[in-house]
Each structure stands twice: as C-alpha cells, then as structure tokens.
*Asks:* 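Below you will find the structure I want to go over with you.
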Amino acid sequence: MTDQSVELAARRPFAAILPRGALIAAALLACLFVAATAGARYGLLLLLGVGFGVTLEGLRFGFAGPWRAMILRREPAGILAQLLSIGIVAVVAFPLLASHGAELSGAHAPVGFAMIGGAFVFGACMQIVLGCGSGTLVNAGSGNPVSLLALPFFILGSFFGASHLLWWTGLGSAPVVALGGTEGLVITLAGLVAVAALLLWLAAPGNRKIPRRMLWAAVLLAVLALGNLVVAGQPWGVVYGLGLWAAKGATALGVDLSGSSFWGAPGNAAQLGQSLLTDVTSLTNIGIIIGAFVVAAWRKGLSQGLPALPLRAWGATVVAGFLLGYSSRLAFGCNVGAFFSGISTGSLHGWVWFVAAFAGAFLGVRLRPMLGLEGR
Amino acid sequence: MKTRRLTAIVALASLGALIALDLGWSKPLDPYKAPPLLALGSGQAASGAHCAALPH
C-alpha cells in the first residue's frame with residue numbers, strides 16, 4: 001500500500017473498505033450469475049476456481065517458483081508444501097475413488113514417449129516464463145505482462161497439442177497404471193515421503209523449514225482440490241479448458257473440427273457446442289484469473305510498474321507459451337492435471353511427469369537469463 | 001509510467017469478451033438441465049473432460 005493510500009485509509013476507512021468490498025461482491029455475483037443461468041454446480045465450480053486464485057496469489061504460492069528455488073538455492077520449502085498438499089488430497093481421494101468409482105474419476109493417463117518428452121518441455125518452459133499451468137493464469141490475472149502475453153499462445157498450443165495427441169501417443173504408450181485402494185495410498189504416501197526426505201537431504205543448511213504461509217496454502221489448495229473432485233467428479237485440471245477455448249474460437253470462425261481425432265470425438269464435439277460456463281476446467285480457470293485479480297487489486301499490487309524487457313524476451317515468451325500448451329497436452333496435463341492431480345489420485349504418469357518436468361526445469365532455469373527474462 | 005493495472009484490466013476484459021462471445025456462439029444455457037450440485041452421491045458418471053483423459 002502506498003503512503004498516500006495508507007493516509008487515505010486512516011482518514012476515511014470506508015474509502016479503503018468500499019473498493020475491496022466491491023471486488024469481493026463482484027466475484028461472488030459472477031458465481032451467482034453462473035449458478036443462476038447455467039446451474040448450481042457450475043456456479044460452485046467457478047467459486048472453487050476463485051478460491052484457487054485467491055489462495056495461489058494471496059499466499060504467493062505456486063509451482064514454478066519453488067522448483068526454481070530448489071534448483072538455484074537448494075530451498076525445498078515450496079516443493080515440500082506441494083508434496084504435503086498432494087498427500088492430503090490423496091488421503092481423502094483414494095478412499096472416495098474406491099467407494100464412488102462410478103461417480104468420480106482420477107487423473108489417470110498412460111506413460112509414453114510423447115508424455116515424457118512433453119513433461120520435459122513443459123518443465124523447461126515453465127521456468128523460462130516462470131509460470132506453469134495455474135501460474136500463468138494467476139500471473140495474468142494479477143497483471144504480469146509476461147504471463148498475459150504467454151496465455152493466448154498457451155491456449156493455442158493446448159488446442160494444437162490436443163489435435164495431434166493421438167499421433168503422438170501412437171509413437172508408443174504403456175497401458176494406464178493407476179494405484180488404488182489402501183495399498184495404492186500407502187505406496188503414494190511412501191513415495192511422497194521419500195521425495196520429501198531426498199529434498200531435505202539435498203537442502204542447504206538452514207533451509208529445511210516450511211513457512212507458515214506455505215503450510216496454509218498447501219492445506220487450502222488440498223481442500224479446494226478435493227472440492228473440485230466432489231463437485232465435478234474429476235480432479236483439478238487446467239489445460240483441457242484452455243484448448244477448448246481455442247477450439248471453440250476456431251469453430252466460430254468456420255473451421256470444421258469434425259474430422260479431428262480429438263475435437264471430433266463425441267465428448268469433445270458435444271462440449272464444443274456447449275457454453276464454456278458448463279465446462280469444468282474452463283470454469284476453474286476463469287475463477288483463478290478472477291481470484292488472482294481480486295487479491296492483486298486488494299493489495300494495491302496493480303500499481304507496480306511494468307518491466308522493460310528486451311525484444312528477445314517477448315519472443316521467447318510467445319514460443320514458450322505455445323510450447324507450454326502443446327507439451328502439456330502430450331504430457332496428459334500440466335503441473336496441476338498431471339503432477340498434482342495425477343499423483344494424488346494414483347496415476348503413475350503423475351510421478352513420471354514430475355521426474356521429466358523437473359529435469360526440464362534445470363534446462364529452463366539456465367535458458368531464462370539467456371532469453372532476457374531475468375530483467376524484472 | 002505504465003503499471004500492472006493496465007495489463008490486469010486487459011486480462012479481465014479479454015476474459016469478459018471471451019465469455020460474451022461464447023454465450024453468443026453456444027447453445028443457450030439451461031439451469032434446469034444442469035447436473036446435480038455434487039457429483040459425489042449423484043449416481044451419475046463424471047461427464048466432464050480432463051487433460052489426463054484420452055478421447056473416446
């Protein structure tokens with residue numbers, strides 16, 4: 001908050017409260033509007049999305065930043081919080097999936113050559129622009145110009161990646177491996193503990209504590225992700241919705257997608273005709289942007305100046321944004337759909353995604369300064 | 001000096017435009033045909049699309 005606004009708030013408290021109240025009221029009204037016009041479930045999903053955005057921006061929690069902190073400074077706190085959040089979701093989701101398998105589904109996908117390559121590229125690109133699937137949405141909502149530029153290309157990449165998905169999976173994929181039941185939960189939790197132990201062992205001295213804000217973020221994210229599962233019947237995801245936005249745009253412009261192996265498939269073709277306000281991942285994506293905006297405006301963070309980046313940085317953002325979308329489709333999800341939701345619902349591909357994307361992150365961390373994106 | 005206010009407003013305005021255009025292109029919304037509030041306990045199979053799912 002600036003000195004001027006602090007002074008104003010002290011003199012006229014309502015002047016500070018009213019805009020903030022209006023922000024929250026507007027976000028809630030948007031959810032009520034969707035509930036009234038599309039259905040209560042869709043309004044609730046938008047509200048969950050707003051919750052994701054508020055949590056991620058409000059508690060400054062993400063995925064790309066903590067990975068970077070571990071690689072550059074051997075600070076594992078953020079990744080430990082991610083693992084904690086995944087573990088909390090798993091403890092509840094595994095029994096729910098076992099007892100309500102007809103109503104709920106996990107984020108289960110096959111491991112394959114394209115999946116591994118896609119995760120590697122995603123890991124690299126999310127370090128280049130410092131924004132993952134959810135992070136790009138959060139950053140765009142809070143006015144980060146790099147993410148704002150990356151987002152439309154992320155959307156396009158997701159559309160084209162989905163369009164080519166079956167060609168890529170045809171290069172070689174193993175059957176879907178999904179852990180389930182008590183045994184699956186124990187194996188998943190043991191895996192999370194093993195990774196956490198490895199990170200703590202690798203951590204620099206004095207870097208082994210998780211800040212309270214990250215613990216809160218981990219718990220809140222877990223609660224919201226479980227809400228997503230219970231309300232939608234599927235785990236939290238991001239990239240399907242983004243590809244759908246471009247596919248709907250293409251259809252509106254007269255492109256015939258009925259011959260597409262992906263967009264012409266019955267479920268996707270039906271979704272192309274329906275409003276985005278009835279698509280699960282679109283609603284939570286929209287909510288994330290709104291939630292991040294609300295927090296940024298609340299904090300007066302929107303008065304921050306825009307960075308002066310070289311042209312090559314903007315060019316790199318465009319390419320990386322496209323690759324984020326394309327690669328995440330090949331990888332059957334981003335940090336949310338594959339890493340967070342895949343592992344927390346027992347999918348082997350979530351673990352493989354984590355390893356491949358982390359390897360890619362090492363490359364991305366080194367590429368970022370070369371591409372002129374460190375000047376912020 | 002340009003601030004994040006500009007870019008954040010562009011983000012929100014783009015989102016608003018996307019939703020408005022989508023409402024014009026898509027089938028009309030019908031809350032009476034919406035699925036139950038919660039998938040859990042609804043007795044219905046999950047019908048939403050997810051990034052981890054292959055097309056059927």
Side-chain angles (χ1 to χ4, degrees), chain A residues 36-42 44 96 100 102-105 107-109 140-145 148 230-235 237-240 245 248 252 261-262 265-268 271 273-277 279-281 286 289 293 296 301-306 328-329 332-333 337-338 342 347, chain B:
Chain A
T37 55
R41 178 186 293 193
Y42 302 123
L44 189 51
L96 281 180
H100 293 80
E103 297 161 350
L104 311 179
S105 58
H108 301 156
S142 60
N144 179 323
L148 183 63
V230 166
V231 174
Q234 65 183 50
V238 169
V239 294
Y240 175 85
W245 297 1
K248 285 181 69 75
S261 57
F262 187 90
N268 296 328
Q271 197 61 54
Q274 303 292 331
S275 168
L276 294 178
L277 301 182
D279 173 57
V280 174
T281 51
I286 292 167
I289 296 175
F293 176 85
L302 300 180
S303 55
Q304 193 178 330
L306 299 182
S328 57
R329 290 305 332 201
F332 292 104
S347 182
Chain B
M1 185 184 177
K2 287 175 184 162
T3 65
R4 283 188 172 210
R5 188 177 307 280
L6 171 71
T7 40
I9 286 170
V10 169
L12 269 201
S14 305
L15 195 61
L18 173 78
I19 294 168
L21 288 171
D22 172 66
L23 287 172
W25 295 332
S26 307
K27 288 179 186 165
L29 294 167
D30 185 353
Y32 298 102
K33 287 185 180 169
L37 179 66
L38 304 181
L40 182 70
S42 68
Q44 297 177 6
S47 57
H50 192 270
C51 21
L54 274 168
H56 297 292

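Numbers restart at 1 for each chain; the letters A, B, ... are given by sequence-line order, proteins then strands. Worth saying up front: this structure is predicted, and the values here are computed from it rather than measured.
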*Asks:* Between A/Val230, A/Val238, A/Leu96, which shows the greatest number of heavy-atom pairs under 4.5 Å with chain B?
*Replies:* A/Val230
*Asks:* Please classify the contact of B/Ile19 with chain A as side chain, backbone, both or neither, using a heavy-atom distance under 4.5 Å.
*Replies:* side chain
*Asks:* In the structure I gave you, are the side-chain heavy atoms of A/Phe293 and A/Leu302 within less than 4.5 Å of one another anywhere?
*Replies:* yes
*Asks:* Tell me which of these, A/Ala252, A/Ser275, A/Ala140, A/Ala338, has more heavy-atom pairs under 4.5 Å with chain B than the rest.
*Replies:* A/Ser275
*Asks:* Which answer fits A/Thr37, side chain, backbone, both or neither, if we ask what part of it has an atom under 4.5 Å from a heavy atom of chain B?
*Replies:* both
*Asks:* Is A/Gln274 close to A/Asp279 at the side-chain level, that is, under 4.5 Å between some pair of heavy atoms?
*Replies:* no
*Asks:* Of the backbone (N, CA, C, O) and the side chain (C-beta and beyond), which part of B/Pro36 lies under 4.5 Å from a heavy atom of chain A, both, or neither?
*Replies:* both
*Asks:* Is it the side chain or the backbone of A/Leu44 that comes within 4.5 Å of chain B heavy atoms, both, or neither?
*Replies:* side chain
*Asks:* With side chains defined as the heavy atoms from C-beta onward, is the minimum distance between A/Leu306 and B/Arg4 less than 4.5 Å?
*Replies:* yes
*Asks:* Relative to chain B, which segment of A/Ala296 carries a heavy atom at a distance below 4.5 Å: side chain, backbone, both, or neither?
*Replies:* neither
*Asks:* Can any side-chain N or O of A/Glu103 pair as donor or acceptor with the backbone N or O of B/Gly41 at less than 3.5 Å?
*Replies:* yes
*Asks:* Please classify the contact of A/Phe262 with chain B as side chain, backbone, both or neither, using a heavy-atom distance under 4.5 Å.
*Replies:* both
*Asks:* Considering all heavy atoms of both residues, which atom of A/Gln271 and which atom of A/Lys248 are nearest to each other, and what is their separation?
*Replies:* O-NZ, 4.1 Å
*Asks:* Closest approach of A/Ala232 and B/Ala46, non-hydrogen atoms and distance?
*Replies:* O-CB, 4.3 Å
*Asks:* Under a 4.5 Å heavy-atom cut-off, does chain B meet the side chain of A/Ala102, its backbone, both or neither?
*Replies:* backbone
*Asks:* Go through the atoms of B/Leu15 and report whether side chain, backbone, both or neither lie under 4.5 Å from a heavy atom of chain A.
*Replies:* side chain
*Asks:* At a heavy-atom distance under 4.5 Å, which candidate from B/Ala34, B/Gly43, B/Pro35 has the highest pair count against chain A?
*Replies:* B/Pro35
*Asks:* Looking only at non-hydrogen atoms, find the nearest pair between A/Arg329 and A/Val239 and report the distance.
*Replies:* CD-CG2, 4.1 Å
*Asks:* What are the two closest non-hydrogen atoms of A/Ser347 and A/Ala107, and how far apart are they?
*Replies:* CB-O, 3.2 Å
*Asks:* With a 4.5 angstrom heavy-atom cut-off, could you sort out which part of A/His100 is near chain B: side chain, backbone, both or neither?
*Replies:* side chain
*Asks:* Among the options B/Leu23, B/Asp30, B/Leu12, pick out the one with the most heavy-atom pairs lying under 4.5 Å from chain A.
*Replies:* B/Leu12
*Asks:* Which of the residues A/Val280, A/Leu148, A/Ile289 is involved in the greatest number of heavy-atom pairs with chain B at under 4.5 angstrom?
*Replies:* A/Leu148
*Asks:* Rounded to the nearest 0.5 Å, how far apart are CG of B/Asp22 and CH2 of A/Trp245?
*Replies:* 10.0 Å
